[in-house]
Amino acid sequence: MQFLQQKPAFHYIIFFSLLEGSFKGDRTEYHDWLYKISQLLTWVTILLVSRYENWYLVLCNPILYFWWILKPLLETPHLWAIISSFEVMNCLLEVLSFTGEFMFGLFIIFLKAMRISNMDRNSNSIEAPLITSKMEQEYSNGDRERKSCSFWEALTFKFVNSMMDIGVHRQLNFEDLIKLPSELIPSSCHNILASCWVAEKTMQNSDPSLFRAICYAYGWSYMRLSLLRVVNDGLGFLSPLILNKLIQFLQKGSEPIHGYILALSLGLTSVLKSFLDTQYTFRLSKLKLKLRSSIMTVLYDKCLHVRLAERSKFSEGEIQTFMSIDVGQIVNLCNSFHDAWSLPLQISVALYLLYTQVSYAFVSGIAITVLLIPVNKWISTKIAHATEKMLKEKDERVRRVGELLMYIRTLKMYSWEHIFTERIMERRVFEVQHLSTRKYLDAWCVFFWATTPTLFSLSTFGVFALMGNSLDAARVFTCLALFNNLISPLNSFPWVINGLIDAIISAKRLSKFLSCPEHINGFSPTDPVCHFGCHCSPNGNHNAIIFQDASFVWSNGDQEEQNPVLSKLSLNIPKGLLIAVIGEVGSGKSSLLNSVLGEMRIIHGCTHSYGIISYIPQVPWIQSGSLRDNILFGEEMNTQRYGQVLHACALDVDILRMSGGDLASIGEKGLNLSGGQRARLALARALYRQSDIYLLDDVLSAVDSHVANWVIQKALLGPLTNQRTRILCTHNDQAIASADLILILDKGSIRWTGTFQSFLSSPYSMLSMTSDLKVSSSSESKSYSSNPSEITSYLLKEADYMDSIEQCIDIVETESRKHGRVELSVYKSYAMFVGWSTVVLIGLSAVFMQMSRNGNDLWLSFWVDSRTGANHTGLYLVILSLFSAANSILTFLRAFSFAYGGLKAALQVHNKLLIKIVNAPIYFFEQNPSGRILNRFSSDLYMIDDSLPFILNILLANLLGLLGIAVVLLYAQILVLLIIFPFWYIYSKLQFYYRSTSREVRRLDSVSRSPIYSTFSETLDGASTIRALKSEDFFMKRFSEHVTLYQKASYSEIIASLWLSLRLQLLAASIISFIAIMAVIGNFGNFPISLGTPGLVGLALSYASPVVSLLSSFLTSFTETEKEMVSVERVLQYMNIPQEELCGSVSHPNWPSHGQIEFENVTLRYKPSLPASLDGISFKIKAGMQIGVVGRTGAGKSSIINALFRLNPICCGRILIDGLDVAKVAVKELRGSFAVVPQSPFMFEGSLRDNLDPSGKASDEKMWEVLEKCHIKSEIESGGGLDIHVKESGSSFSVGQRQLICLARSLIKFSKILCLDECTANVHSHTASLLQNSISNECRGMTVITIAHRISIVLNMDYILVLDNGVLVEQGNPQALLKDCTSRFSGFARASTM
């Protein structure tokens, strides 16, 4: 009801005019007095009633309800009589008064209808939360600031002073920001929109619309603002009318009191409009914050609940773009929608007032406007198409950047970063092509709409003069003031249309995603016969999981349904058993677990699970935070259970020796943990929850054999999981031997089930187990108890190493932010990106454009003051036409040079940033989460692409407009000098006081945005784990906390901006009052200096009127530019990061020719504060040898590869390959000379052919030959051949298949040196044995370095290196070392067969 506070203003003005007439002696009828006083009292009463909570009961009672409908109808004859009198001022006031009463009547009707509708909707249980939360939110709670500050403080935004006082003296922190009002809390915003979206989906099941849901949630609050907007726009037209009366007074002369009243009225109108304008913006901004918070939380909540099968329709980059781009574009709908009807209304009123001044001459101006309508419609359509295409390209680019950041270590090892960089740049070129189409079309819009007022004035005055009419100062400068009022809506309208188009496109994109079916954890139970002979009851008392003729697919394609991933599964899994699921790579093991979780789409049959589920994916998902947070996962601490879980997962020793214990910080994706520790941490998280079913996907592949034995005995067979159902997908022999039931999958179907003893006698045992285990299993199949002292000793050594890391560093650095004003170097850098020649062209065109516009107005003032104007009309029109032509040409030049410069900067900033990021050392990516880096490529780059050029254009126009006004005012009325310097002093103090705070708040806003994107990206990776553990509420709460901080920063920024805007507008209003009063005084006084001709005085007054909006717009655009420049500042921060040493002093085209490797006293530290990962190790590998590297976790195995590939620089010593120091070889040439298979398989979206050989050098025959040797040819052929489309992250293949494809990739690339980092961890033993034979045969003559956890893999190699704590403790032939019972290697071998 705040809009009602402004309504009595009209009646005060009408009352004031009556008082003025009486004061002059004019006769005023008593019924006019009574009518106006009654209207005033009515609105004052409404205003007072509206401030009480029971206002609805008072204003909407049946009698008054009928009266609000009848009152506007009864006033219609009175309105028509006033309009018929053709008295402009009275007409306008009466129309505004009638419009206000009519809109209030509609308001009451709409309110009554909404209340009735709400009562009906409350009967629907699905929609009940909508009405309850909204009514409670809107009408019961009220605004927090109204409770904590007075009405005057809220009206003037004085409550922000405490924050701004701090901002002047020191850097602001989040604690210093303004307290967030209750209605802006994300949880309440989420409830409102979420319940409306549920209701929308219920009513529009086939095609739900997010836009309609937003209207249900916030439409009422938004529509109330339209009344305030009408009043605000109406006041904007009072100034030209009062100006007309004032100039007529100056020309004709009258009573002095009349002039003073008009002058004061002009100032008071500006003051009143200042308060109205800021209050409207304040309430609209709060509504935008509500909407932004609502959409963000609803989108995040959807990502928590949508199953993987449905999410696969959207790329990860596309989903991230939903959060970073589309949310903002939908929020901008709040501005665009009101502007879409308000701007045409303003244009219509301005045209009507022009008609009253120049009769039908204004039709010539309308003709120009009408001719531009189809042109702008065509442009808007083209902009919509370009925007849609641009967003698709942006989605793909962001996805590719995210892919690059996720696998940057692997890409550097492959030396593929330049290939991926080129692909991203190519995608960026396509994006910029569509962006350029949009920008150049925008430039045409700017040209048409910016030149329209000038052409409008030329055609209007020209036709008016040619019709035989004479131009006088009052008529001309009233029209000029109206033309100035036309400039803003005319220039803004193209952007409004573009904003509406962008919002509609984004709303459709989000609607499509939000409409996806959500996760379903099971279907109706069945009653088949159990494998163990016990009959399953319908309620599932004896079974944990049931499948009945169930088939599953990952997507909705018809082809997928014909070839299901899992086909016709019929299976009862009893409670309390340990089930080992085995099978070849790609047989469907991981898919089986996902089908239990409900992540896949079932196309036939049914399945059901009974009880609580815990799940560990094949690639353990570790979240940023402490180790304890990762285990508890939002659950309450149970000390006893917690200790038992740590002990069972062999984590208690790690934690005991870590600095900070279980509160030690873990980096993004567990980057400061070893692979084995990540697996055990994920297992601990699952075990901590006392679940009924544990789904474990290859959890033992990343741990060493003796640790695997410990985990099997203590975790999988221990008391924590006793009598619980455990389904373990594994290739581990000990786990298979310990299972109660073995299930063999092959190509998505169950081939065999049975106990371990029957498995040993089946033909499948030949494919799945090593011979050593079969021998030991025949005597004692369940006696694999590890030696506790040996395991503890091993873990102590491992923890010692990790402790040294944790004591020295906190891996993830806090995001830095600068303080103080944005440095001049940032502006200079952006100008360099634009190009200095373009900057000069923009500046000159803008300056001369403003000069032509001011010259046009000065020539008009000269025309109306000239006594020979009627005799030389043609000459005056020709010169006026020349000014208009020059203005049009310069406007065209400025618009297109701005578009060109912005596009050039966008392309250069992206490419330079990408190159700098790609060439950064590995430790940079370990210290900065990918979400933080991706924020630069999404939100910050979007600001530089779109927002920054736009706001710079506005800033330049406002600056030159103010300079032009200052020059014209000084020329027209020299007494303006009396207030220029005091005005400038106050203005500078205000802007300094404001800018000190606004910069810091904007930086806090940017910093608070990064955790949102980081959390969002992290959640996308681990969504299936979160759903399985039923932790959606916990993660939703954590995300809401991040959004709350973001809301707080944005709210503080808005309030500070409005604080300044109000004061500037009041300051400008004082200038208008001064000029008007001095004009009146000069008209009657005897001043020693001339105050100008009537034409110049009219010009000064018409130029003083837009000072209100122009001054506010200038500082707003200036501060907005500074805020947008923060994005450039943040991008420049990443352009100054350390770079790898890419150059080398020597180059050998055929190097390495033999493959001899020699380490000489090599020491490697990841940071100076860290202990040595390699401590003075020396060894020599002869050409063509196959070397195995073994050791405990953290022993330095991977550091050998890091040093060899120069991923991390060595501190001392040197590495020689064929006698050449690798430090002298260029990094790209060095890495490109090696072949590598990483432990975590890497595949990117594209064809399989591109994944195998991105350079395109290998033939198809070569690829098929290698695929056959890697035992994956048949799967590729059945899937569609080399043109198979690989999904994002290789999700169309299992992890084991990805490893085999990566191995094939390394064999296709012929190199004398091949590095294998546990490349067979995720394949079963038989396939691993076959692969080792293939490697041995295919890699003869190559030097092969293999890092392995399975001792059986390295037994047949030529040489073994045993590392411990960065020291080479043992080396030699593996068979010789096995015979030595005291050797470290023989100890590892014994542990692997325990």
Side-chain angles (χ1 to χ4, degrees), residues 397-429 667-668 671 811-813 815-816 829 832-833 905-938 940-941 944 1127-1147 1164-1168 1199 1201-1211 1215 1221-1234 1236 1238 1242 1244 1254-1255:
R397 176 182 62 81
V398 172
R399 185 198 64 77
R400 291 191 177 189
V401 172
E403 194 172 55
L404 180 142
L405 296 175
M406 185 180 299
Y407 298 106
I408 186 65
R409 175 184 288 273
T410 305
L411 289 174
K412 284 181 177 290
M413 295 175 74
Y414 281 133
S415 190
W416 282 1
E417 65 267 37
H418 66 284
I419 297 177
F420 275 71
T421 300
E422 288 175 1
R423 292 185 175 188
I424 293 172
M425 287 182 176
E426 289 174 4
R427 190 56 59 182
R428 175 63 172 175
V429 169
E668 187 181 29
L671 58 90
I811 290 292
V812 180
E813 294 182 349
E815 184 171 10
S816 61
S829 297
M832 291 174 66
F833 289 128
L907 198 57
Q908 291 202 22
V909 168
H910 174 271
N911 292 348
K912 186 175 181 181
L913 175 64
L914 182 62
I915 291 171
K916 290 289 185 180
I917 291 293
V918 166
N919 292 330
I922 286 297
Y923 70 79
F924 169 78
F925 300 97
E926 294 173 345
Q927 295 171 353
N928 294 274
S930 59
R932 183 184 301 172
I933 303 173
L934 198 62
N935 193 11
R936 264 72 173 180
F937 284 96
S938 55
D940 288 322
L941 208 60
I944 296 171
S1127 293
V1128 180
E1129 180 185 70
R1130 285 161 54 82
V1131 167
L1132 290 174
Q1133 284 179 352
Y1134 277 15
M1135 289 185 182
N1136 297 320
I1137 56 177
Q1139 300 286 283
E1140 287 186 312
E1141 297 178 7
L1142 300 177
C1143 300
S1145 58
V1146 295
S1147 178
L1164 172 66
R1165 297 177 188 271
Y1166 290 105
K1167 271 193 172 182
S1199 296
I1201 294 182
N1202 289 343
L1204 187 62
F1205 281 78
R1206 287 177 59 187
L1207 293 175
N1208 299 91
I1210 60 176
C1211 303
I1215 303 172
D1221 190 347
V1222 298
K1224 298 179 180 179
V1225 183
V1227 166
K1228 289 185 179 179
E1229 182 182 348
L1230 172 72
R1231 295 169 183 166
S1233 301
F1234 303 153
V1236 63
F1242 161 63
F1244 55 90
S1255 61

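Residue indices begin at 1 and follow the sequence shown. Quick note: numbers below take in every heavy atom, side chains included, and nothing from hydrogens, waters or symmetry partners. What you are looking at is a predicted structure, and each value in this text was computed from that prediction instead of being measured.
The aromatic ring centroids of F924 and Y1134 lie less than 6.0 Å from each other.
Panel note: side chain R428, backbone A906; a donor-acceptor pair is recorded below 3.5 Å. Side-chain atoms of K916 never come within 3.5 Å of backbone atoms of Q1139 as a donor-acceptor pair (strictly under, hydrogens ignored). Under the 3.5 Å distance criterion, the side-chain polar atoms of R1206 are matched with a main-chain donor or acceptor of V1225.
When all heavy atoms are compared, the tightest approach of D940 to S1127 is OD1-OG, 3.2 Å. Minimum heavy-atom separation, H418 to S415: CE1-O, 2.8 Å. Of all non-hydrogen atoms in A1203 and I1210, the two that sit nearest each other are CB-CG2, 3.9 Å. Nearest heavy atom pair, residue P921 against residue P1138, reads CD-O, 3.0 Å.
Between Y414 atom OH and I419 atom CD1 the span is 12.0 Å, to the nearest 0.5 Å. Atom-to-atom distance recorded for I922:CD1 and E1140:CD is 6.5 Å, nearest 0.5 angstrom. A distance of 8.0 Å separates OG of S938 from CZ of R397, quoted to the nearest 0.5 Å. Here the straight-line distance linking atom CD1 of I408 with atom CZ of F925 works out to 4.5 Å at 0.5 Å rounding. Remark: K412 NZ to L404 CG distance equals 8.5 Å, nearest 0.5 Å. In this structure, L914 CG and F420 CZ are separated by 12.0 Å, a value rounded to the nearest 0.5 Å.
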Which is it for R423 and E403 under the salt bridge (Lys or Arg N to Asp or Glu O under 4.0 Å) test, yes or no, and what are the steps along the way? CA-CA 12 Å; R423 292 185 175 188; E403 194 172 55; over 6 Å; no

Residues L1230, F1205; criterion side chain to side chain contact (heavy atoms under 4.5 Å, CB included); working and verdict: CA-CA 7 Å; L1230 172 72; F1205 281 78; 5.8 Å; no

Just do the side chain to side chain contact (heavy atoms under 4.5 Å, CB included) check on V401 and R427 with the steps written out, would you? CA-CA 10 Å; V401 172; R427 190 56 59 182; over 6 Å; no

Give the C-alpha distance, both sets of side-chain angles, the deciding distance and a yes or no for side chain to side chain contact (heavy atoms under 4.5 Å, CB included) between I917 and I1137. CA-CA 8 Å; I917 291 293; I1137 56 177; 4.0 Å; yes

Evaluate the side chain to side chain contact (heavy atoms under 4.5 Å, CB included) criterion for residues M1135 and V909: first the C-alpha distance (whole Å), next the side-chain angles of each, then the deciding distance (0.1 Å), finally the verdict. CA-CA 9 Å; M1135 289 185 182; V909 168; 4.1 Å; yes

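In this pair, F1242 and F1244 present their aromatic rings tilted. The plane angle is within the 30 to 60° band.
Screening I424, V398, L913, V1131 for a side chain to side chain contact (heavy atoms under 4.5 Å, CB included) with F937, the sole residue that qualifies is L913.
Contact check for Q908 versus M832: no side-chain heavy atoms found under the 4.5 Å cut-off. Two residues are said to be in side-chain contact when any heavy atoms from C-beta on lie closer than 4.5 Å; L934 and M406 fail this criterion.
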